[in-house]
Amino acid sequence: IPGYGDSPPVEMVVTAQGRRTFLDHVLQELGMQRPVLVSPSMSGRFALPFLLAHGDRLAGFVPIAPVGTKDYTAEQYQGVQTPTLILYGDRDTRLAPQALQNLQHLPEHRVAVLPGAGHACYLDKPEDFHQALLGFLRQLK
């Protein structure tokens with residue numbers, strides 16, 4: 001994620017609009033049409049603004065306890081028709097419940113909880129994670 005970890009700061013990603021535009025450019029450069037956007041943790045700051053503005057350009061959305069869900073209203077989420085798999089580990093007691101509380105307003109959502117997994121549930125329980133993700137992907141049109 002630009003501006004995080006050891007990556008250099010990027011002026012463009014300071015605002016939600018800038019982060020949405022950045023992600024839009026990345027998807028265009030990669031030539032991706034109707035991808036499924038998987039969004040763990042800090043990437044929510046990029047994925048959520050994109051989802052709310054351009055959800056119709058995604059085949060699916062998989063938030064994994066993303067950051068920033070409280071920045072948007074129930075009404076904003078209710079306007080998104082993108083099929084969504086809300087995925088998290090049951091040991092993530094801080095961010096996951098907040099994300100679930102906000103993301104459950106997405107009308108086309110389902111929830112998968114990985115028992116015994118923490119915030120990085122895909123690292124803690126990779127088999128269960130992949131099973132849930134593949135099951136969701138198989139059901140997309």
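Values reported hereafter were calculated over all heavy atoms of this structure, with side chains retained and with hydrogens, waters and symmetry mates removed. Residue numbers run from 1 in the order of the sequence given. Since this is a predicted model, take the numbers as computed values, not measurements.
- In terms of hydrophobic clustering, with Ile, Leu, Val, Met, Phe, Trp and Tyr side chains grouped at heavy-atom distances under 4.5 Å, Tyr122 and Phe46 are assigned to different clusters.
- Environment of CZ in Arg91: sparse, with no more than 12 heavy atoms of neighbouring residues, nucleotides or ligands closer than 6.0 Å.
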Run Tyr88 and Val113 through side-chain contact (heavy atoms from CB on, under 4.5 Å) and show every step you take.
CA-CA 5 Å; Tyr88 65 93; Val113 182; 3.3 Å; yes
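- Taking each heavy atom of Thr15 and Gly18 in turn, the nearest pair found is OG1-N, 2.9 Å.
- Connection of Leu100 to Leu51 is established within a shared hydrophobic cluster, with ILVMFWY side chains joined at heavy-atom distances below 4.5 Å, either directly or through further cluster members.
- Residues Val111 and Leu140 do not share a hydrophobic cluster, defined by chaining ILVMFWY side chains whose heavy atoms lie under 4.5 Å apart.
- The CG atom of Asn102 lies 5.0 Å from the OH atom of Tyr77; values are rounded to the nearest 0.5 Å.
- The distance from atom CZ of Arg57 to atom CG of Leu37, rounded to the nearest 0.5 Å, is 11.5 Å.
- Contact detail for Ala99 and Ala65: the closest heavy-atom pair is CB-CA, 4.1 Å.
- Formation of a donor-acceptor pair under 3.5 Å by the Thr69 side chain with backbone atoms of Leu103 is not found in this model.
- For the atom pair CG of Leu48 and CZ of Arg20, the computed distance is 12.5 Å after rounding to the nearest 0.5 Å.
- Panel note: side chain Arg34, backbone Leu58; a donor-acceptor pair is recorded below 3.5 Å.
- Arg19 places a side-chain N or O within 3.5 Å of a backbone atom of Arg45 that can act as its donor or acceptor partner.
- Nearest approach of Gly44 to Pro49, heavy atoms of both residues: O-CD, 3.7 Å.
- Within a 6.0 Å radius of CD in Gln28, other residues, nucleotides and ligands contribute more than 12 heavy atoms.
- Residues Asp124 and Leu114 have side chains not in contact (no heavy-atom distance under 4.5 Å, counting atoms from C-beta outward).
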Determine, stepwise, if the pair Leu27 / Phe50 fulfils side-chain contact (heavy atoms from CB on, under 4.5 Å).
CA-CA 11 Å; Leu27 296 178; Phe50 187 87; 3.7 Å; yes
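- Atoms CD and CG, from Gln76 and Leu52 in turn, are 6.0 Å apart once rounded to the nearest 0.5 Å.
- With a 6.0 Å radius and a threshold of 12 heavy atoms from other residues, nucleotides or ligands, Gln78 has its CD atom above the threshold.
- The shortest non-hydrogen separation linking Gln104 to His109 is O-CE1, 3.0 Å.
- Considering SG of Cys121 and CG of Leu87, their distance stands at 4.5 Å, rounded to 0.5 Å.
- Taken together through direct or relayed side-chain contacts under 4.5 Å among Ile, Leu, Val, Met, Phe, Trp and Tyr, Leu30 and Val62 form parts of separate hydrophobic clusters.
- Of the possible polar contacts, none joining the Gln98 side chain to the Leu95 backbone as a donor-acceptor pair under 3.5 Å is found.
- Side-chain heavy atoms closer than 4.5 Å link hydrophobic residues (I, L, V, M, F, W, Y) into clusters, and following such links, even through other members, never connects Phe136 to Met32.
- When all heavy atoms are compared, the tightest approach of Pro66 to Ser39 is CB-O, 3.9 Å.
- When atom types are taken as modelled, the side chain of Thr84 and the backbone of Thr82 share a donor-acceptor pair closer than 3.5 angstrom.
- Remark: Phe129 CZ to Leu134 CG distance equals 9.0 Å, nearest 0.5 Å.
- Of the possible polar contacts, one joining the His130 side chain to the Pro126 backbone as a donor-acceptor pair under 3.5 Å is found.
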Please evaluate residues Val36 and Leu85 with respect to the criterion side-chain contact (heavy atoms from CB on, under 4.5 Å), reporting the C-alpha separation (whole Å), side-chain torsions for both, the decisive distance (0.1 Å), and the verdict.
CA-CA 10 Å; Val36 173; Leu85 174 65; over 6 Å; no
